[in-house]
Amino acid sequence: MDDPVTIRVQTPPSATVTAVPYREILAHPEQFYQAADIVWVMMSSAMVFLMVPSLSLIYAALSNRSFAMTMFRLPLVTAALVSLEWVLWGYTLTFTNGDSISGWYGGETRANGFADVLARPIPVGNGDNPPLIPELLFVLYEGMFAAFTASVVCGGIVHRAKPIRFLVFITFWSILVYCPIARWTWYRKGWSNQLGVMDFAGGTPVHITSGTTVAAFAIFYDFEISGQNVFKYTWDMLCRIGKRIVHNVTVCFIVAVGCLRLPFVAMKCVEWKDVNWDDFPVDETPDSGLFQPYNNTYLVLGTAILWFGWAGFNGGSALGGNLRAVSAWLSTHVAASAGGVVGMAWQWNEKFWETVEEEGRDLTKMSDEDRYSELTVISFCDGAVAGLVAITPGSGYVPVWSAAIFGAVAATFVGLIKRESNVLLRHDKLHVFAIHAGAGLVGMCLTGLFADSVTIGLDGHSTLPNPDYSRGRRLGYQIADALAATGYTFTMTILILNFMKFSVFVLRYPLEKTFRLRDATGFLQPNGEPRIFVDDFQPTPPQRWRFDPILLQEVPQPASQPAAQPVTATTPNGAVVEP
């Protein structure tokens, strides 16, 4: 670290702090801003936007044929809607000064419609005398984050909501969920930012928030089709969680017992096939094995484009062309690579042991084709995305060598969470909660453990926030921020969904001829039985997951034509033969 290195010293540009009239900055912005920083952030913004169509490919690939086209177009439409909302009031609510005591929202009307956001200086980082970028550039970059976050949420409505309903939902969601969480994370006066929570590129406001929203969608739909009241459904959910805890404890005990048997196997030279590892129940869900991806080619292509765009997602968060951006970019690539390899190995290990247990074959006699035939690219892509999500909050805070740990731990944790979500979140078919919220939580925790002042200072001005904090205290604040976002997002999403449900009920049912006042107020059917009110948030029955809808209709013959007469044939001897 202290060894002398030969290098040519470049004379830095002068950086004199002075008061300048705003009209002078507007007249000559090139005198106050670095062109290299502007170019890099513009390129990063374009790369973040490219992540939206990559989500279209991934979601269309993982959906079945009957819903693939909807998932292909919905992320881009959602991004356009949220981008327009960002222009009108989103940026104002998130990043401008607010008049309220709590500071929950910004309130500078000059930013509404981008009326006056041209060249006002925005400081970069938290160091003394930081560099500045123009506000218009900052607005562009952060707007891409808002659009991408809303696009991630699209993965939770596969066969669960009509697109028009989802667009209405995402309009309320971006105001009530994304803007407050992004403000408390990145705005200099946000409570999380002031506590010293480190989130470089959106582990909490982007990934934990979107993943939790999809989990709320899944639970809301599951509650709707269950026909139970709130208390009964809550009790059933708690029972399911309890059974999963008991199941996992049992699995850990069996694995521990199996590990203790290994020395005896080595001493007695017992063959592997003779070792009894005991049996434990296999996870079964109502839809297990019935939902098949539509196109793995789209999945690989979408993941590759997403991987490329993530370089701008993390590297651009340095808000300048500096060595910290390079470190963030390289950490992103390393974490994705480690996550993809571990995810692939995880899937191979599961399929390998399942094959052995089911068929009872000897491990030493299995061919290479048998061992690797179950290897699937889906697990590789899931692991790579998990690594990308995990490194997002720490890419500008942790050294590059630790990025491999982020990817490996995230892929392993996501593999475990996907098992649980198959039981507890049966309607999250694309595993958005496991990949985004699960890996995001891993990334927030590991960022608190591996944050390094040297990496943070690579941009030349930033410093480690609250350097007097111990690693344990820093980790506690990181977890508190993630849990606060999870609880707030889940609560607000459920409230928005129920508000939309109630609005549909109020607007639709009074217009029906069979409407009765007691039915609307008491949710009762005419015979006195409780009404199970299901609106268009679940327009299709679960059978749509199993079969593609193919409608076969008979074409009636025109009435003017006579009915077709049977065809007969005559043999040489005069006999009539009917077909």
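Owing to the predicted nature of the structure, the values given are computational and were not obtained by experimental measurement. One is the number of the first residue; the rest follow in order along the sequence. Any value given below was found using the heavy atoms of this structure, including those in side chains, with hydrogens, waters and symmetry copies removed.
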To the nearest 0.5 angstrom, please state how far the CD1 atom of Ile170 sits from the CD1 atom of Ile157. 9.0 Å

For residues 378-394, dump all side-chain donor-acceptor pairs below 3.5 Å to protein atoms at least two apart in sequence or in another chain.
residue : atom : partner : partner atom : Å
Ser379  : OG   : Gln347  : OE1          : 3.1
Asp382  : OD2  : Lys418  : NZ           : 2.8
Thr392  : OG1  : Trp310  : NE1          : 2.9
Thr392  : OG1  : Leu388  : O            : 2.7
Thr392  : OG1  : Val389  : O            : 3.4

Does any N or O in the side chain of Asn322 come within less than 3.5 Å of the main-chain N or O of Ala325, such that one atom is a donor and the other an acceptor? yes

Just to verify, what does Leu464 make a side chain to side chain contact (heavy atoms under 4.5 Å, CB included) with, not counting sequence neighbours? Met198, Ala451, Ser453, Ile456, Arg474

Going by the salt bridge (charged side-chain N to carboxylate O under 4.0 Å, His left out) test, which pairs reach into [range], not counting sequence neighbours?
| range | value |
| --- | --- |
| residues 45-63 | none |
| residues 320-331 | Arg324-Asp459 |
| residues 392-404 | none |

Under 3.5 Å, which donor-acceptor pairs link side chains of residues 331-343 to any protein atom two or more places apart or in another chain?
residue : atom : partner : partner atom : Å
Ser331  : OG   : Ser327  : O            : 2.9
Thr332  : OG1  : Asn314  : ND2          : 2.8
Thr332  : OG1  : Ala328  : O            : 2.7
His333  : ND1  : Trp307  : NE1          : 3.4
Ser337  : OG   : His333  : O            : 2.9

Glu108 meets the salt bridge (Lys or Arg N to Asp or Glu O under 4.0 Å) criterion, sequence neighbours left out, with Arg110

Residue pairs passing the side-chain hydrogen bond (donor to acceptor under 3.5 Å, both in side chains) test with at least one member in residues 113-123, sequence neighbours excluded, are Asp116-Arg120

Assess the side chains of Glu85 and Tyr178: does a donor N or O sit below 3.5 Å from an acceptor N or O? no

Less than 3.5 Å apart, any donor N or O on the side chain of Ser421 or Asp428 sitting next to an acceptor on the other? no

With sequence neighbours excluded, residues passing ring-ring contact (aromatic ring centres under 6.0 Å, His included) with Tyr141: Phe145

Results of ring-ring contact (aromatic ring centres under 6.0 Å, His included) for Tyr397 - residues two or more places apart only: Phe200

Apply side-chain hydrogen bond (donor to acceptor under 3.5 Å, both in side chains) to Thr92 and list each qualifying residue two or more places apart in sequence or on a separate chain. Asn112

How are the rings of Trp86 and Phe95 set relative to one another: parallel (under 30°), tilted (30 to 60°) or perpendicular (over 60°)? perpendicular

In terms of ring plane angle, is the pair Tyr298 and Phe72 parallel, tilted or perpendicular, where the classes change at 30° and 60°? tilted

Going through the checks in order, is the side-chain contact (heavy atoms from CB on, under 4.5 Å) test met by Leu93 and Arg183? CA-CA 8 Å; Leu93 298 178; Arg183 184 176 179 84; over 6 Å; no

Pairs of donor and acceptor atoms involving the side chains of residues 211-218, under 3.5 Å and at least two apart or interchain, shall be tabulated with distances.
residue : atom : partner : partner atom : Å
Thr212  : OG1  : Ile208  : O            : 2.7
Thr213  : OG1  : Trp173  : NE1          : 2.9
Thr213  : OG1  : Thr209  : O            : 2.8

Does any part of the side chain of Trp186, heavy atoms only, come nearer than 4.5 Å to the side chain of Thr94, both counted from C-beta? no

